[in-house]
Amino acid sequence: MLNIVLFGPPGSGKGTQAKFLEEKYQTPQISTGDLFRYNLKNDTDLGKQAREYMDKGSLVPDEITTNMLIDELDKGKGPKGYIFDGYPRTTSQAEALDKILEDKFEDEVTVTVALVVEDEILVQRLLERGKTSGRADDVDEDIIRHRITEYYTKTAEVAKHYKAQGKWVEIDGVGEIDEITQKLIEAINDAMINE
Ligand code: AMP
């Protein structure tokens, strides 16, 4: 399997790049943010549980998020692997993902590619996206800044987990979209060769 973790702060371009990588490697994207938004829209029990956190720009608790991910993997859409977009976002989620991949597929994360973008560019990108995305958490600058703070306080530490496994590659997330895609593909291909 090819299991790619696409990592980076909100607005770093994970979702955009995941679409290109899906096509290139024929591995479906799993975006926990998209899954939560689907549940919000359909007003499911899961959506009701997630709403209070998402509205504030806070992370949804690990257990709720990981159970949702397991349900998605159980659908079996990615026999060749997956692109994880927005998961893991805490060290406990990273540990859970290792265990889930091992238990379900006797496999592991191939590589984590982290998009690096400075904060003020993130804020500008998200405000711009908010004009058309229909996402409440993209419109309010305070909520955007809280999402970025959540990233630094809870998510950035996930880097240690993957660095310790030799599976961490950083990529400049500012520039032309197709140039960034190329850099991601090079990093992923290198990781596949060295696996
Ligand atoms: P995203 O679309 O990835 O920016 O996620 C939107 C929101 O969904 C986040 O601000 C969180 O409230 C929630 N969310 C998405 N993925 C996770 C995750 N892995 N852990 C906790 N909360 C998440």
Side-chain angles (χ1 to χ4, degrees), residues 3-22 28-74 78 82-101 109 112-117 119 121-162 173 184:
N3 291 308
I4 302 165
V5 172
L6 204 45
F7 199 85
S12 57
K14 299 187 295 295
T16 304
Q17 294 297 338
K19 299 288 176 215
F20 295 114
L21 298 179
E22 251 190 334
Q29 166 202 29
I30 295 190
S31 157
T32 42
D34 284 351
L35 291 172
F36 278 131
R37 278 185 289 280
Y38 175 85
N39 280 280
L40 284 191
K41 204 170 131 213
N42 290 287
D43 208 22
T44 63
D45 285 344
L46 178 62
K48 287 185 183 105
Q49 283 176 288
R51 183 181 296 281
E52 61 170 303
Y53 302 97
M54 292 180 75
D55 281 353
K56 287 187 281 190
S58 299
L59 294 187
V60 178
D62 289 335
E63 200 186 337
I64 299 176
T65 310
T66 298
N67 285 337
M68 178 178 72
L69 179 87
I70 292 171
D71 284 348
E72 189 61 23
L73 289 172
D74 281 344
Y82 292 92
I83 299 160
F84 295 95
D85 163 7
Y87 188 102
R89 259 170 150 113
T90 62
T91 299
S92 139
Q93 290 181 16
E95 288 164 355
L97 183 61
D98 285 350
K99 188 167 180 337
I100 293 163
L101 292 177
V109 169
T112 301
V113 275
L115 293 168
V116 180
V117 179
D119 295 357
I121 298 180
L122 297 173
V123 174
Q124 290 318 313
R125 280 188 185 178
L126 290 169
L127 284 171
E128 193 54 39
R129 185 171 82 183
K131 292 179 187 166
T132 53
S133 70
R135 283 179 56 168
D137 61 351
D138 281 347
V139 181
D140 181 313
E141 187 168 335
D142 289 341
I143 295 177
I144 289 175
R145 289 193 184 274
H146 180 60
R147 288 162 64 199
I148 295 172
T149 304
E150 286 280 87
Y151 174 80
Y152 286 112
T153 51
K154 298 178 185 164
T155 305
E157 65 176 33
V158 174
K160 283 189 216 145
H161 180 89
Y162 291 114
L184 287 169

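Each residue takes its place number in the sequence, starting with 1. Counting starts at 1 for both ligands and their atoms, following the listed order. As the structure is a prediction and not an experimental result, all values here were calculated from the model. Atom set for the values below is all heavy atoms of this structure, side chains included, hydrogens, waters and symmetry mates excluded.
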Determine whether more than 12 heavy atoms belonging to other residues, nucleotides or ligands lie under 6.0 Å from atom [atom1] of [X].
X     : atom1 : result
Asn42 : CG    : yes
Glu63 : CD    : no
Lys48 : NZ    : yes

For ligand 1, indicate whether the residue Arg135 contacts it via side chain, backbone, both or neither (heavy-atom separation under 4.0 Å). side chain

Using 4.0 Å as the upper bound for N to carboxylate O, is an ion pair formed by Lys99 and Glu95? no

Do the side chains of Asp138 and Arg147 get close enough for a salt bridge, i.e. N-O under 4.0 angstrom? yes

Ignoring hydrogens and geometry beyond distance, is a side-chain donor-acceptor pair present between Tyr87 and Thr66 at under 3.5 Å? yes

Could you tell me if Asp137 and His146 have a donor-acceptor pair between their side chains, going purely by distance under 3.5 Å? no

List ligand 1 atoms under 4.0 Å from Thr65, heavy atoms only on the residue side. 18 (C), 19 (N), 20 (N), 21 (C)

Output the list of atoms in ligand 1 that are nearer than 4.0 Å to some heavy atom of Gly86, sorted by atom number. 16 (N), 17 (C), 18 (C), 19 (N)

Note the single closest protein heavy atom to [atom], along with its residue, its atom name and the distance in Å.
atom                    : value
atom 22 (N) of ligand 1 : Val60 N, 3.0 Å
atom 10 (O) of ligand 1 : Ser58 O, 4.1 Å
atom 16 (N) of ligand 1 : Thr32 OG1, 2.8 Å
atom 23 (C) of ligand 1 : Phe36 CE1, 3.8 Å
atom 20 (N) of ligand 1 : Gln93 NE2, 3.0 Å
atom 7 (C) of ligand 1  : Met54 CE, 3.8 Å

When you measure from the side chain of [X] to the backbone of [Y], do you find a donor-acceptor pair of N or O atoms at a distance under 3.5 Å?
X      : Y     : answer
Asn39  : Leu35 : yes
Glu150 : Leu59 : yes
Gln93  : Arg89 : yes

If you take the nearest heavy atom of each of Arg89, Glu150, Arg147, which one is closest to atom 1 (P) of ligand 1? Arg89

Below 3.5 angstrom, do we get any N/O pair linking Gly57 and ligand 1? no

Below 3.5 angstrom, do we get any N/O pair linking Tyr53 and ligand 1? no

Measuring from non-hydrogen atoms of [X] to any atom of ligand 1, is the shortest distance under 4.0 Å?
X     : result
Lys56 : no
Arg37 : yes
Pro10 : no

